[in-house]
Number of protein chains: 2
Amino acid sequence: MTAHDAPTWTERLRAAGLRVTSRRLAVLDALDAHPHASADEVYARTAQTVPSITKQAIYVSLGDFVEHGLIRRLDPPGSPARYETRTEDNHHHLICDECGAIVDVDCAVGEAPCLAPSHDAGFSVRVAEVTYRGTCPECLARADALVAQS
Amino acid sequence: MTAHDAPTWTERLRAAGLRVTSRRLAVLDALDAHPHASADEVYARTAQTVPSITKQAIYVSLGDFVEHGLIRRLDPPGSPARYETRTEDNHHHLICDECGAIVDVDCAVGEAPCLAPSHDAGFSVRVAEVTYRGTCPECLARADALVAQS
DNA sequence: GTAAGTGCAAAAACTTTGCATAAGT
DNA sequence: ACTTATGCAAAGTTTTTGCACTTAC
């Protein structure tokens, strides 16, 4: 265990030039405990430990964190934005079209070849995000059950 | 030129079991003319030819089309949903983090290897969508200009 | 002490829904 | 004729903003 191991949220907030407050730490801890949470879910979780917190403060905090690269924002089709603390590795997401479940997947290819679009149209590309869409095991099972009973 | 060439919107609507109305055709034509348009932009365009159209009708139409696979919906981070008529090929998108510009890119790899996540967690994966995020040429130029004048 | 963060409240932005009328098949 | 789509209006949900007060630095 050296000083290079996982910096704490306090350290990362300071490094980003953001002040350290109990609300912000509560938000970040809630996201660690429940990845892919929506603003509403983060609010519900943090309200248990910090009762005075408000939903607007959550939105502001999450927005600040995204802007400073402490967390990542996901925009699933047709549902509220979700947030996650895994920002360092380039991992991707499986999303269920039925129930909206989100699961992390590591990049299929070792390095980051997805980082090279065939033609970049003059863009300076920073990241490539891959979203696999389909049906999750639970929803598959439910669909099978419906067919079987018909 | 055979009967297999690009089916018209009228044919595709009928094939999907949807009725053919001037409003729907206006919406689809507007999307053809202006890919990646938001509901608001589609409304502005269609209102020029069909003045009696309303924004709600646009939302309903777009929702119906997405449900029947006639168009695709994109959910860029922090901005309203956008729609496109290119559904057959698996192409991807470049998005500018500064101005929100969206540009189509063909799949980097010939086939569809992006269709295979390293571990599918039991999902039945249907499609893989790749979003390259970065800065578009215009915003890069603007940033350079700011630096130069400082 | 100063700048940044927060609670509170209000509003903006985006999208969906219900019902009577009109239009497509 | 029957069913589906539309206009109109209203509401729902998610997110942003303004201002006074508090807190971290």
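Order of the sequence lines fixes the chain letters, A, B, ..., with proteins taken first and strands second; residue numbering starts at 1 for each chain.
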Worksheet item: So T131(A) and V127(B), side chain to side chain contact (heavy atoms under 4.5 Å, CB included) or not? Walk me through it.
Response: CA-CA 8 Å; T131(A) 305; V127(B) 284; over 6 Å; no
Worksheet item: Near DNA chain C, which residues from residues 19-53 of chain A have a heavy atom under 4.0 Å away?
Response: R19(A), T21(A), R23(A), R24(A), S52(A), I53(A)
Worksheet entry | Gap between atoms CG and P, on L62(A) and dT14(D) respectively (whole Å) | 14 Å
Item to complete: Verify salt bridge (Lys or Arg N to Asp or Glu O under 4.0 Å) between D75(B) and R73(B), making sure each step is shown before the conclusion.
Response: CA-CA 7 Å; D75(B) 293 86; R73(B) 170 186 172 143; 3.2 Å; yes
Worksheet entry | ring pair (Phe, Tyr, Trp, His ring centres under 6.0 Å) between H34(A) and H36(A), intermediate numbers included | CA-CA 7 Å; H34(A) 186 338; H36(A) 312 138; 8.3 Å; no
Fill in: Value in whole Å for how far the P atom of dT6(D) lies from CG of L13(B)
10 Å
Fill in: Side-chain heavy atoms of T85(B) within contact of W9(B), under 4.5 Å
yes
Worksheet item: Expressed in angstrom and rounded to an integer, what is the separation of Y59(B) atom OH from dC14(C) atom P?
Response: 7 Å
Practice prompt. Measure the distance from CD on E11(A) to P on dC25(D) and round it to the nearest whole Å.
Written response: 13 Å
Worksheet item: Step by step, would you call F65(A) with R24(A) a side chain to side chain contact (heavy atoms under 4.5 Å, CB included)?
Response: CA-CA 9 Å; F65(A) 298 161; R24(A) 284 182 165 171; 3.7 Å; yes
Worksheet item: Starting at NZ of K55(B) and ending at P of dT17(C), how long is that distance when rounded to a whole Å?
Response: 18 Å
Discussion item. Using the rule given for side chain to side chain donor-acceptor pair (under 3.5 Å), can you reason through R126(B) versus T135(A), listing the C-alpha separation, both sets of side-chain angles and the distance that settles it, and then say yes or no?
Written reply: CA-CA 8 Å; R126(B) 225 174 338 267; T135(A) 309; 3.3 Å; yes
Item to complete: May I ask you to test the I95(A)-V103(A) pair for a side-chain heavy-atom distance under 4.5 Å?
Response: no
Fill in: Nearest listed nucleotide, side chain of S61(B), among dT6(D), dG5(C), dC8(D)
dT6(D)
Worksheet, complete the sentence: In numerical order, the residues of residues 64-81 of chain B whose heavy atoms come under 4.0 Å of DNA chain C are P80(B), A81(B)
Worksheet item: To the nearest Å, how far apart are I58(B) CD1 and dC8(D) C1'?
Response: 15 Å
Discussion item. Among V20(A), T21(A), T8(A), D64(A), which residue satisfies the side chain to side chain contact (heavy atoms under 4.5 Å, CB included) criterion with L13(A)?
Written reply: V20(A)
Discussion item. In whole Å, I'd like the distance from the CZ atom of R14(A) to the P atom of dG5(C).
Written reply: 13 Å
Worksheet item: Would a 4.5 Å heavy-atom cut-off, applied to side chains only, mark V27(B) and I71(B) as touching?
Response: no
